[in-house]
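Take a look at the structure set out below.
Just so you know, these numbers come straight off a predicted model, no measurement behind them. Index from 1, following the sequence.
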Amino acid sequence: MPPREIDVQSLQSEVRETIRLFGPPNCELLLVGSVKEWANSLGIAEQDPFRAAMAVVRNPDRVPTIVMLKRITEDFRGSVIGALLYNGFRNEADRLKDPATFLEHLVLHEIAHLVLDNPSESDCDVWAFDKLAERPRISIGGAA
């Protein structure tokens, strides 16, 4: 049975390796308890309480950063997968039932926001699924 939560904090090295391989130079990872609260504390308008991750370019140092939940619950996973289903990614979304595949797609999706030129959410999902097809890199085992 898949884990009920993904403990991203315990998988930081795998997440950082995915960022190193596909992200922009000097991209950083920031793990937080709530992406919405983190964003709002910096004046970034975010209304979605189920936001699992966000890509930003920090001011004033211009460092690309992926902000992600420390722990991703089933509710957050369901929200992300529901959005994919709504946007027509039915076959692809089925692959994200696996927690490791879900986490890697989430990281790749956020990287896409930083490396593609003005992408839509769908553009980021297509890019992330293409990269994910090359070879999955994150393995969860008993870490969640």
Side-chain angles (χ1 to χ4, degrees), residues 2-59 61-90 92-141 143-144:
R4 298 182 76 72
E5 285 190 346
I6 301 171
D7 183 355
V8 180
Q9 201 152 6
S10 71
L11 299 164
Q12 281 185 72
S13 60
E14 290 93 336
V15 172
R16 289 182 197 282
E17 179 63 8
T18 299
I19 292 169
R20 185 190 69 74
L21 288 171
F22 296 103
N26 304 312
C27 187
E28 293 185 0
L29 172 66
L30 176 63
L31 299 179
V32 298
S34 167
V35 174
K36 178 185 181 218
E37 289 177 19
W38 176 87
N40 290 335
S41 76
L42 295 177
I44 300 169
E46 178 57 54
Q47 301 303 316
D48 184 359
F50 290 104
R51 180 75 163 220
M54 172 183 282
V56 298
V57 177
R58 289 193 326 226
N59 284 322
D61 59 10
R62 308 299 301 155
V63 173
T65 304
I66 294 176
V67 181
M68 183 172 282
L69 291 172
K70 293 177 187 176
R71 296 185 75 77
I72 300 174
T73 66
E74 282 190 55
D75 289 340
F76 282 90
R77 286 175 57 200
S79 177
V80 171
I81 292 171
L84 285 164
L85 292 171
Y86 179 79
N87 289 318
F89 290 94
R90 178 161 304 284
E92 297 88 346
D94 284 344
R95 296 176 56 204
L96 302 187
K97 290 177 183 172
D98 172 66
T101 305
F102 174 90
L103 180 58
E104 188 156 0
H105 179 270
L106 181 63
V107 174
L108 289 166
H109 174 96
E110 297 307 329
I111 289 170
H113 280 289
L114 298 169
V115 300
L116 299 179
D117 186 29
N118 198 28
S120 69
E121 290 298 313
S122 290
D123 293 337
C124 292
D125 286 322
V126 168
W127 188 89
F129 280 118
D130 286 348
K131 297 299 179 199
L132 190 62
E134 292 176 12
R135 181 178 64 85
R137 279 154 282 286
I138 295 177
S139 174
I140 289 185

Hey, what do you get for [atom1] ([X]) to [atom2] ([Y]), rounding to the nearest 0.5 Å?
X    : Y    : atom1 : atom2 : result
L132 : L106 : CG    : CG    : 11.5 Å
L69  : R51  : CG    : CZ    : 10.5 Å
D125 : E92  : CG    : CD    : 9.0 Å
E5   : K70  : CD    : NZ    : 13.0 Å
S122 : N87  : OG    : CG    : 4.5 Å

* Asked: Please walk me through it: do R20 and E17 pass salt bridge (Lys or Arg N to Asp or Glu O under 4.0 Å)?
  -> CA-CA 5 Å; R20 185 190 69 74; E17 179 63 8; 2.6 Å; yes
* To do: Specify whether H105 and F129 have parallel, tilted or perpendicular ring planes, treating 30° as the upper limit for parallel and 60° as the lower limit for perpendicular.
  =>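 Rings of H105 and F129: tilted, 30 to 60°.
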* List the steps, then state whether side chain to side chain contact (heavy atoms under 4.5 Å, CB included) holds for F22 with V115. => CA-CA 9 Å; F22 296 103; V115 300; over 6 Å; no
Which pair of non-hydrogen atoms, one from [X] and one from [Y], has the smallest distance, and what is that distance?
X    : Y    : result
V107 : I66  : O-CD1, 4.2 Å
L114 : P64  : CD1-CB, 4.0 Å
A53  : E110 : O-OE2, 3.5 Å
K36  : D48  : CB-O, 3.7 Å

* Asked: Hey, which of Y86, F102, F76 is the one that makes side chain to side chain contact (heavy atoms under 4.5 Å, CB included) with I81?
  ->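 Of the listed options, the one satisfying the test is F102.
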* To do: Give a yes or no on whether E37 atom CD has more than 12 heavy-atom contacts from other residues, nucleotides or ligands under 6.0 Å away.
  =>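 Counting neighbours around CD of E37, 12 or fewer heavy atoms of other residues, nucleotides or ligands fall under 6.0 Å, so no.
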* Is atom CG of N26 surrounded by more than 12 heavy atoms (other residues, nucleotides or ligands) closer than 6.0 Å? ->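 Not more than 12 within 6.0 Å, no.
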* Quick one: do H109 and E121 satisfy side chain to side chain contact (heavy atoms under 4.5 Å, CB included)? Show the steps, please. => CA-CA 8 Å; H109 174 96; E121 290 298 313; 2.9 Å; yes
* Would you check, one step at a time, whether the test side chain to side chain contact (heavy atoms under 4.5 Å, CB included) holds for T18 with I111? => CA-CA 9 Å; T18 299; I111 289 170; 4.3 Å; yes
* Would you mind checking if R77 and E74 are paired as a salt bridge, meaning a charged N to carboxylate O distance below 4.0 Å? =>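 Result for this pair is no, no salt bridge flagged.
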* Asked: Mind checking whether L96 and F89 have side chains closer than 4.5 Å, heavy atoms only?
  ->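 Side-chain contact under 4.5 Å: no.
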* **Close side-chain approach of I44 and W38, heavy atoms under 4.5 Å** =>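 Yes, side chains in contact.
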* Are the side chain of T101 and the backbone of K97 linked by a donor-acceptor contact shorter than 3.5 Å? ->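 Flag not set: sc T101 to bb K97 has no pair under 3.5 Å.
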* Asked: Are D123 and W127 close enough, and set up right, to give a side chain to side chain contact (heavy atoms under 4.5 Å, CB included), and what steps lead you there?
  -> CA-CA 6 Å; D123 293 337; W127 188 89; over 6 Å; no
